[in-house]
Amino acid sequence: MESPKAASGPGADFIRQVVAADVASGRYGGRVVTRFPPEPNGYLHVGHAMGVCLNFGIAREFGGRCHLRYDDTNPEKENEEFVRSIEEDIRWLGFDWGEHLYFASDYFERMYECAEVLIAKGLAYVDSQPTDAIREGRGTVTEAGVPSPYRSRSPDESLDLFRRMRAGEFEDGAHVLRGKIDMASPNMLMRDPVLYRIRHAPHYRQGDAWCIYPLYDYAHCLEDAFEGITHSICTLEFDNNRELYDWVLDNVGFEEPRPHQYEWAGLDLEGAVLSKRNIKPLVDAHVVSGYDDPRLATLAAYRRRGVPPEALRLLSQLVGVSKTGAKTEEAKLDFAIREVLNPLAPRVMAVLDPLKVVVTNYSAGKAEEIDAPYFPHDVPREGSRPVPFSRELWIERSDFAERPPKGFRRLVPGGGVRLRYAYVIRCDEVIKGPSGEIIELRCTYDPDIRSGVSPEGRKTKGTIHWVSAAHALEAEVRIFGRIFLDYDHEGEVAKDGGVTAAPLNPESLMVLPNVRVEPSVGADPVDTRYQFERTGYFWRDPVDAVGGRLVFNRIVPLKDTWAKRESEPAVAEPMPAPPQAGAGDERPRPRVQDPAMAARVARYRDELGVPEEHAEVLADSPAFFERALAAHTNAPDVASWIAVDLRGLLEGRSLTDLPFDGSAVGRLVGLVAQGRISRRAAKDVLARMVSEGGDPEALVESMGLAQVSDPGVLGAAVDAVLARWPEKVAEFRAGKESLLGLFVGEVMKQTRGAADPAAAKRLLGERLRG
RNA sequence: UGGCCCGUCGUCUAAUGGCAGGACACCGGUCUUUGGAACCGGCGGUGGUGGUUCGAAUCCACCCGGGCCAACCA
């Protein structure tokens, strides 16, 4: 397993594509350095596991390295227990940081020096407002903030204050260091962010060495830069922080190539409580037994439950990497676990909810041993164990039905069923207790039918598992379910540090106290992961299965298509989907406020016949447009090229930043209008002009794009393409006309973009259809 | 309400102007001494409206929907 996905090229995720491109271009001299940067303030969970797989995985695939770095800049929340658990979890997952273990707290001195640089440059100042004032001064998402009265403090004064902050002259909260950026920025994080604060608290590693501590946005980018990280990968919610990340690095003086931040969605797993903030209260309030309670989604919990680390790595592959914030179904994790365990886990029999069966025609004192293979025919592994058979057996209560539903293939009164690896039995009598509950089944067996021997006419459809009562081992089994009943509330655990009102699932932990297991397991290694036939994958609970006591955790159930059928509601509830509210034929209203611009828009629209939405764009850079118009007078045409095609290439720049002016665009449009180049070719030229500058006529020449519409030349290209794709031609003729685009595309490629696509399409149509 | 990010089968994800593909789930079948596994088949998608183009999931505009941001947390 673990077939590595493509590390680059189409099909690779967008982050791997970036890394591959940077390696190819030599941006970092071929180096790839990632990092996994947990704060040691809690246990790792599945979401982190995906981050571990991503960062360590990329490093591995590209021959780089991945640092484990503790982001321990907050003395109040962090401790050694958490650093210990994090290391254990990452190793368990199968990754190794080698010698690259780092602590942000080791960088405090260097970070401090960088802060003095910022102050000296006038890019940071000591603010002496109280917390509330700073918060209020920041404004809101719709209103600009107001500058602090201390914003104009001189660098010298700030420097003095900052040094005294470090020296411990002030109380907590008396001053902070702030970046001097832009109190009106639409990005709240840029409104003079707090960089340092005073906190007289012992740090778990630094003790009392410091009483000022850096904040995340200041610290994290510096940590990356100090370590020479190339690709700093984090989750979507840090998107807004990237601007500040870049600001700090650029202004402290880190030059390219320096680290850059990339955001991906991370994992949101259905039914799992996925944030340290929400897990902690569950532990503190003893809703669960600890960070390793198997109901939790922490790695410690998965490990204890018996989930193999390979399954989590598989899950990471299945889920993939994107920027779409989305929720992954639990079924995918279950699949990954079964996928890993199926070829590995020995099969063994255990009866979870026992019902006594007496085989009346089997002698009381007799017992025989059946040699049962550990693996089914389709798992290529060796091994077997003896399974004792005797007169009294346990079978699963759910494997008998007095009044069987349609399709029931197990034991019924007067009916027969195969005992796995053993005989076929028939139920002769049902014995009930005083209140009518079934307490015993009296059956007879057919001594002629054993293991594989099945005379004609005696076909038995169902097979059930069983254990010999006299030989069985007693065990406890624990079955785990989701903690919260409601799918929607799992994110709202701890609004106020307590456990929320969200309803808990009373069946999140089900203890089965009377389980009977076949005796062979008594001799197995304690960390054996079994498949209990027909029920699921199990292993001994590593904490509570002590001193010979057998306690099994269910890792994951087997797929059970019968149970699914059983639990189907009698009447499918009607679910009328509300009609999509998305109908949007509202007239887009003009957003132009500036009267001069509005006048230009009106003129372009009314006098030149330019569509209004294009006119709005052009009115922004009138000079560019006018010059283009001077070179080619068809206004709507020019407008469309600028407003649509050129704009698409801008990537945030403005028209005036371009290495050419409007007239070059006008001339290019003219070439198209004269039929000298195809539109397609013109777009290639335009792209080249944007990236490298240059003159359109010369580029057409040097790129060999003069339009080809001569039927002879075109025909040859068409024939060549058709000859190269015989199967596709057949498919097309069989009706798959969407392939026409493929053929046109191939002709365009064949002629390196010079063909007249309309002509090519016409020709293709004739050849293909006629 | 300002800024940013994101919308592709039920779910996750490919397609980087040219064949909408894979996986999970689901449904059906084959096989089976596990109602497992395996194998075969099926269902099913580009949020909407316009625009550009020979050709749009992809580029442009607007709309709709979801998420993030106003800790001296990370």
Side-chain angles (χ1 to χ4, degrees), chain A residues 10-11 13 17 39 41 71 73-74 76-77 131 134-135 138-143 145 172-173 176 185-189 191 194 196-199 213 215-216 220 236-241 243 263 265 270 318-329 331-332 335 338 342-343 347 376-379 407 409 418-421 451-452 454 460 462-465 531 533-534 558-563 565 580-589 611 613-614 616-617 640 643-645 647-648 679-680 683 728 731 736 738-746 748 756-762:
Chain A
D13 61 72
Q17 288 184 32
E39 183 188 13
N41 69 341
D71 208 356
T73 56
N74 184 351
E76 291 167 328
K77 294 184 177 173
T131 307
I134 290 176
R135 190 166 50 234
R138 197 148 26 221
T140 69
V141 289
T142 50
E143 303 161 80
D172 287 6
V176 292
S185 171
N187 182 351
M188 298 294 294
L189 288 165
R191 321 245 262 227
V194 174
Y196 267 93
R197 39 117 187 229
I198 302 171
R199 195 102 321 167
Y213 292 93
L215 264 8
Y216 171 84
H220 199 95
L236 248 30
E237 68 269 24
F238 290 95
D239 187 348
N240 293 313
N241 301 60
E243 191 178 357
E263 310 88 29
E270 179 189 273
L318 295 176
V319 167
V321 178
S322 76
K323 298 193 78 155
T324 317
K327 190 161 276 198
T328 294
E329 291 178 327
K332 196 155 283 181
F335 167 81
R338 293 190 195 110
N342 176 48
R347 320 287 136 129
H377 60 91
D378 54 354
V379 174
R409 305 213 304 243
R418 159 84 60 184
L419 295 177
R420 180 79 161 149
Y421 308 122
S451 281
S454 187
T460 311
T463 301
I464 64 174
H465 57 277
Q531 184 192 111
E533 296 221 33
R534 302 210 305 134
L558 245 33
K559 263 176 84 168
D560 188 349
T561 50
W562 172 249
R565 186 133 66 99
Q580 254 291 354
D585 51 354
E586 297 94 73
R587 254 228 65 79
R589 47 203 211 310
E613 73 178 62
H614 294 171
E616 285 175 18
V617 178
S640 153
V644 178
D645 297 291
R647 177 126 72 117
R679 230 198 105 89
R680 156 67 172 254
K683 288 184 74 166
K728 296 296 183 184
E731 280 181 54
K736 191 170 178 186
S738 63
L739 286 169
L740 191 55
L742 169 71
F743 296 128
V744 176
E746 287 302 313
M748 297 305 291
D756 172 357
K761 189 175 190 174
R762 211 159 43 236

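To find a chain, count down the sequence lines: A is the first, B the second, and so on, and within it residues start at 1.
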5' precedence on RNA chain B between Gly462(A) and Leu236(A) (nearest-nucleotide basis): Leu236(A)

For Phe238(A) and Glu263(A), work out which heavy atoms get closest and say how close. C-CG, 4.3 Å

Indicate, with a heavy-atom threshold strictly under 4.0 Å, whether Glu39(A) touches base, sugar-phosphate, or nothing. sugar-phosphate

Output one line per pair: protein atom, nucleotide atom from nucleotides 51-54 of chain B, and distance, for all N/O pairs under 3.5 Å.
| residue | atom | partner | partner atom | Å |
| --- | --- | --- | --- | --- |
| rU52(B) | O2' | Arg679(A) | NH2 | 3.2 |
| rC54(B) | O2' | Lys761(A) | NZ | 2.5 |

Output all residues satisfying ring pair (Phe, Tyr, Trp, His ring centres under 6.0 Å) with His220(A), sequence neighbours left out; order by chain, then residue number. Tyr216(A)

Separation of atom CD in Glu263(A) from atom C1' in rA74(B), rounded to whole Å: 15 Å

Give me the stems containing RNA chain B, sorted by first residue, counting only three or more consecutive Watson-Crick or G-U pairs with both distances under 3.5 Å; say none if there aren't any. B:2-7 with B:64-69, B:10-13 with B:21-24, B:26-30 with B:38-42, B:47-51 with B:59-63

Heavy atoms only, 4.0 Å cut-off, all strands: where does Gly145(A) land among base, sugar-phosphate and nothing? nothing

Tell me, please, which residues at least two apart from Arg420(A) pass salt bridge (Lys or Arg N to Asp or Glu O under 4.0 Å). Glu533(A)

Between rG45(B) and rC9(B), how far apart are the two C1' atoms, rounded to whole Å? 4 Å

Distance check needed: rG36(B) P versus Glu533(A) CD, whole Å only. 13 Å

Quick one: label His220(A) by what it contacts on the DNA or RNA (base, sugar-phosphate, nothing), any heavy atom closer than 4.0 Å. nothing

Go through the steps for Ile134(A) and Val176(A) under the test side chain to side chain contact (heavy atoms under 4.5 Å, CB included), then give the verdict. CA-CA 10 Å; Ile134(A) 290 176; Val176(A) 292; 3.7 Å; yes

N/O-N/O pairs, protein side and nucleotides 69-71 of chain B side, under 3.5 Å:
| residue | atom | partner | partner atom | Å |
| --- | --- | --- | --- | --- |
| rC69(B) | O4' | Asn240(A) | ND2 | 3.3 |

Proximity to the side chain of Thr324(A) - top-ranked nucleotide from rG35(B), rU34(B), rU13(B): rU13(B)

At 4.0 Å (heavy atoms only), tell me whether Phe238(A) reaches a base, stays on the sugar-phosphate, or touches nothing. base

N-O pairing of Lys77(A) and Glu39(A) below 4.0 Å: no

Distance test, side-chain N/O of Ser322(A) to OP1/OP2 of rU13(B), below 4.0 Å: yes

Residues forming a side chain to side chain contact (heavy atoms under 4.5 Å, CB included) with Pro376(A), sequence neighbours excluded: Arg347(A), Asp378(A), Val379(A)

Contacts of type salt bridge (Lys or Arg N to Asp or Glu O under 4.0 Å), residue Arg762(A), not counting sequence neighbours: none

Distance check, P atoms only: rC26(B) and rC31(B), in whole angstrom units. 22 Å

Salt bridge (Lys or Arg N to Asp or Glu O under 4.0 Å) partners of Asp239(A), counting only residues at least two apart: Arg242(A)

What's the OH-C1' distance between Tyr421(A) and rU32(B), to the nearest Å? 13 Å

Could you report the tightest heavy-atom contact between Lys761(A) and Leu740(A), atom names first, then the distance? CE-CD2, 3.7 Å

For Gln17(A) and rA14(B), is the shortest distance between a side-chain N/O and OP1 or OP2 below 4.0 Å? no

note: Asp239(A), atom CG; rG2(B), atom P; distance rounded to Å ~ 18 Å

For Glu243(A), side chain to side chain contact (heavy atoms under 4.5 Å, CB included) partners two or more places apart: Asn187(A), Met190(A)

Are Arg679(A) and Asp645(A) close enough for a salt bridge, meaning some N to O gap below 4.0 Å? yes

Listed partners of Lys736(A) passing side chain to side chain contact (heavy atoms under 4.5 Å, CB included), at least two apart: Glu731(A), Ser738(A), Leu739(A)

Assign each of Asn74(A) and Asp378(A) the nucleotide of RNA chain B bearing its closest heavy atom; nearer the 5' end lies the nucleotide of Asp378(A)

Would you measure the distance from the P atom in rG50(B) across to the matching atom in rU11(B) and give it in whole Å? 26 Å

Kindly indicate whether the side chain of Gln531(A) and the base of rU34(B) share any N or O donor-acceptor pair separated by less than 3.5 Å? yes

Sugar-phosphate, base or nothing in reach of Arg199(A), heavy atoms under 4.0 Å: base

Check for me: is Trp562(A) stacked on rG35(B) by the 5.5 Å centroid and 30° plane-angle rule? yes

Check: protein-nucleotides 28-31 of chain B nitrogen or oxygen pairs below 3.5 Å:
none

Do the side chain of Arg138(A) and the main chain of Gly145(A) share a donor and acceptor less than 3.5 angstrom apart? no

I'd like to know if Lys728(A) reaches the base of rC19(B) with its side chain, counting only an N/O donor and acceptor under 3.5 Å. yes

CG of Leu189(A) to CG of Asn240(A), rounded to nearest 0.5 Å, is 6.0 Å

Keeping the roles fixed (side chain from Thr324(A), backbone from Ala326(A)), state whether a donor-acceptor pair exists under 3.5 Å. no

Is rA70(B) syn or anti, taking syn as a glycosidic angle within 90° of 0? anti

Examine the base of rU34(B) for any acceptor or donor lying under 3.5 Å from a partner atom in the side chain of Arg534(A), and report the outcome as yes or no. no

What distance, rounded to whole Å, do you find between the two P atoms, one in rA61(B) and one in rC5(B)? 12 Å

If you measure from the C1' atom in rC12(B) to the same atom in rC4(B), how many Å do you get, rounded? 24 Å

Expressed in angstrom and rounded to an integer, what is the separation of Lys323(A) atom NZ from rC68(B) atom C1'? 12 Å

Using the P atom as the reference point in each nucleotide, state the distance between rC64(B) and rG48(B) in Å, no decimals. 15 Å

If you look at every strand shown and take non-hydrogen atoms under 4.0 Å, does Ser185(A) touch a base, only sugar-phosphate, or nothing? nothing

Keeping the roles fixed (side chain from Ser185(A), backbone from Met188(A)), state whether a donor-acceptor pair exists under 3.5 Å. no

Take atom P in rA20(B) and the same atom in rU58(B), then report the distance between them in whole Å. 14 Å

Contact class for Asn41(A) (heavy atom, under 4.0 Å): base, sugar-phosphate, or nothing? nothing

Smallest heavy-atom separation, Tyr196(A) atom then Leu215(A) atom, equals N-CD2, 4.5 Å

Identify the heavy atoms of Lys323(A) and Ala265(A) that sit nearest to each other, and give their distance. C-CB, 4.1 Å

Span that lies between the C1' atom of rC24(B) and that of rG66(B), in whole angstrom: 23 Å

I'd like a table of atom pairs between the protein and nucleotides 20-25 of chain B - only N or O on both sides, under 3.5 Å - with the distance next to each one.
| residue | atom | partner | partner atom | Å |
| --- | --- | --- | --- | --- |
| rA20(B) | OP1 | Ser738(A) | OG | 3.1 |

Once you round to the nearest 0.5 Å, how far does CD of Glu76(A) lie from OH of Tyr213(A)? 9.0 Å

